[in-house]
Amino acid sequence: MLEAAADRVALAAILDASGRHQEAAGTLRHALSVYERVLGPDHYEVAGVLQNLAGVAERAGEPEQAAALRARALHIRRRVLGHTRRSSL
């Protein structure tokens with residue numbers, strides 16, 4: 001199940017690079033739901049998918065959604081890693 005979700009994340013990167021932002025976002029949302037269901041909503045890997053989804057939202061012209069997604073990703077990373085150096089976030 002996680003391998004298929006990881007494959008979807010990779011596919012989303014290809015779609016995004018091809019300018020197919022809406023398809024990339026949908027693919028990432030599906031992967032995100034799997035990661036959240038299997039790993040839990042506050043897992044570090046979930047933060048990574050959220051960060052990817054934020055980038056897609058930014059490129060799709062949705063800066064408010066991108067900011068909200070990045071904020072959630074940062075919140076998860078801080079919870080998991082603690083308040084460490086910025087380079088690890």
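All values derive from a computational prediction rather than experimental measurement.
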Let me check something: any side-chain donor-acceptor pairs from residues 2-13 under 3.5 Å, sequence neighbours excluded? List them with distances.
unit_1: Arg8; atom_1: NE; unit_2: His30; atom_2: ND1; d: 3.0

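Summarising the geometry of Arg77 relative to Gly48, their closest heavy-atom pair is NH2-CA, 3.4 Å, with the distance given to 0.1 Å. Contact between His21 and Ala60 at its shortest, heavy atoms only, is CB-CB, 3.8 Å. Of all non-hydrogen atoms in Ala54 and Ala66, the two that sit nearest each other are O-CB, 3.3 Å. What you find for Val38 and Met1 is that their closest heavy atoms are CG2-SD, 3.4 Å.
The hydrophobic cluster of Ile14 has no other members, since no ILVMFWY side-chain heavy atom comes under 4.5 Å of it.
The side-chain hydrogen bond (donor to acceptor under 3.5 Å, both in side chains) check on Glu45 picks up nothing, with sequence neighbours excluded. Glu23 pairs by the side-chain hydrogen bond (donor to acceptor under 3.5 Å, both in side chains) definition with Arg20, not counting sequence neighbours. Under the side-chain hydrogen bond (donor to acceptor under 3.5 Å, both in side chains) criterion, Arg59 pairs with Asp16, sequence neighbours left out. Partners of Arg79 under the side-chain hydrogen bond (donor to acceptor under 3.5 Å, both in side chains) rule, at least two apart in sequence or in another chain, are Asp42, His75. For Gln65, the side chain to side chain contact (heavy atoms under 4.5 Å, CB included) criterion is met by Arg29, Ala57, Glu62, Leu69, not counting sequence neighbours.
Put simply, the side chain of Val46 reaches to within 4.5 Å of the side chain of Arg72, judged on heavy atoms.
Cluster annotation: Ile76 and Leu53 are assigned to the same hydrophobic cluster (Ile/Leu/Val/Met/Phe/Trp/Tyr, side-chain heavy-atom contacts under 4.5 Å, transitive).
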